[in-house]
Amino acid sequence: MAEFEYNQVIEYIDGTFDENFNEARQWAQSHNTTFEEDIDKREEFVGKRTEIYQDPETGEEVEKEVDYPTLKRFWVIGDEPKPYIPPEPTVDELKAQKRAERDSLMKSAQNRIDRYRNQKELGIETTDDESVYKLLLQYTQYLRTYPESKDEWYKESPVIFEVFLIMNCEETDETVEETTK
């Protein structure tokens with residue numbers, strides 16, 4: 001296939017089989033752009049073609065060049081398609097996204113709290129110790145108040161529990177490392 005360029009003009013004469021025209025149309029289609037006629041540029045055109053006649057006097061076939069009226073048309077390959085850039089999310093969309101993040105973190109923290117309570121009630125060794133359990137309770141409270149904590153809260157994500165733990169843990173570094181496993 002021939003190479004074409006965006007915004008290139010292709011001349012086409014009606015009634016002809018123009019391979020360049022067809023290739024330009026296919027090129028435009030394969031490059032996701034338009035291929036439209038510039039109707040204002042249309043012009044009348046007198047083409048020539050050879051026709052074969054039988055001479056009535058001699059009966060012989062005679063080639064004769066004849067004029068035929070047609071149109072010269074101009075087709076334009078469109079602009080290069082712009083890459084799709086999604087619109088910036090609205091404030092409501094950002095808030096919904098951050099609330100969904102918060103809800104997911106809340107569910108994860110609640111599962112750990114429930115696991116701790118269930119293990120305590122069954123009298124088996126708990127995965128988390130009591131200090132982590134209390135921090136999980138504080139963390140869920142932080143998540144509940146997160147949307148109201150400051151103006152434009154939706155521009156940043158709530159902290160994950162491991163970060164909350166580091167920020168609030170007064171225990172040794174070993175306790176922090178054990179609970180973040």
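Since we're looking at a predicted model, the values are computed, not measured.
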Distance-only polar pair, side chains of S131 and D129, donor-acceptor under 3.5 Å: yes
Check: E121 side chain, N118 main-chain N or O, donor-acceptor pair, under 3.5 Å: no
Hydrophobic cluster membership, V163 vs Y146, 4.5 Å side-chain cutoff: yes
Heavy-atom donor-acceptor pair, Y12 side chain to E37 backbone, under 3.5 Å: no
R49 to Y68 six-membered ring, cation-pi geometry met (6.0 Å, 45°): yes
Point-to-point distance, once rounded to the nearest 0.5 Å, from CD1 of I77 to CZ of R25: 12.0 Å
T33 side chain to A28 backbone, donor-acceptor under 3.5 Å: no
Residues W27, N22; criterion side chain to side chain contact (heavy atoms under 4.5 Å, CB included); working and verdict: CA-CA 9 Å; W27 186 92; N22 289 326; over 6 Å; no
E130/K134 ion pair, N-O < 4.0 Å: yes
Q141 atom CD, neighbour heavy-atom count above 12 within 6.0 Å: yes
Contact check, side chains of E152 and V91, non-hydrogen atoms, under 4.5 Å: no
Atom pair CG/CZ of L135 and R112 - distance to nearest 0.5 Å: 10.0 Å
Neighbour count above 12 (heavy atom, 6.0 Å) for E43 CD: yes
Stepwise side chain to side chain contact (heavy atoms under 4.5 Å, CB included) check, L136 with D128: CA-CA 10 Å; L136 280 165; D128 294 321; 3.9 Å; yes
Atom CD of E63: over 12 foreign heavy atoms under 6.0 Å: no
Between S157 and K98, a side-chain donor and acceptor under 3.5 Å: yes
Shortest non-hydrogen separation from T16 to I13 and the atoms involved: OG1-O, 2.6 Å
Heavy-atom donor-acceptor pair, Y142 side chain to F164 backbone, under 3.5 Å: no
Parallel, tilted or perpendicular, as decided by the 30° and 60° cut-offs, for the rings of F35 and F21: tilted
Check: D14 and R73 side chains under 4.5 Å, non-hydrogen atoms: yes
Test side chain to side chain donor-acceptor pair (under 3.5 Å) applied to Y133 and R117, step by step: CA-CA 9 Å; Y133 167 71; R117 287 178 181 159; 3.1 Å; yes
E51/K64 salt bridge by N-O under 4.0 Å criterion: no
Test item: V62 and I52 side chains (from C-beta on) under 4.5 Å apart, heavy atoms: no
Heavy-atom donor-acceptor pair, E36 side chain to G78 backbone, under 3.5 Å: no
Test item: R115 and T127 side chains (from C-beta on) under 4.5 Å apart, heavy atoms: yes
Inter-residue atom distance I113.CD1 - M106.CE, 0.5 Å rounding: 8.5 Å
Rounded distance [0.5 Å steps], NZ in K95 versus CZ in R102: 12.5 Å
W153 and T145, any side-chain heavy atoms less than 4.5 Å apart: no
Q110 side chain to T140 side chain, donor-acceptor N/O pair below 3.5 angstrom: no
From CD (Q119) to CD1 (I124), nearest 0.5 Å: 5.0 Å
D67 and K48, any side-chain heavy atoms less than 4.5 Å apart: yes
Check: E60 main-chain N/O paired with T58 side-chain donor or acceptor under 3.5 Å: yes
Any donor-acceptor pair under 3.5 Å from T126 side chain to Y116 backbone: no
Contact check, side chains of Q97 and Y154, non-hydrogen atoms, under 4.5 Å: no
Backbone of E80 reached by a side-chain donor or acceptor of Y6 within 3.5 Å: no
Value rounded to 0.5 Å, distance of CG in L143 from CD1 in I160: 11.5 Å
Sidechain N-carboxylate O distance under 4.0 Å for E11, K72: yes
T90 backbone acceptor or donor facing E93 side chain under 3.5 Å: yes
Common cluster, Y139/M167, ILVMFWY with side-chain heavy-atom separation under 4.5 Å: yes
Contact check, side chains of D38 and W75, non-hydrogen atoms, under 4.5 Å: no
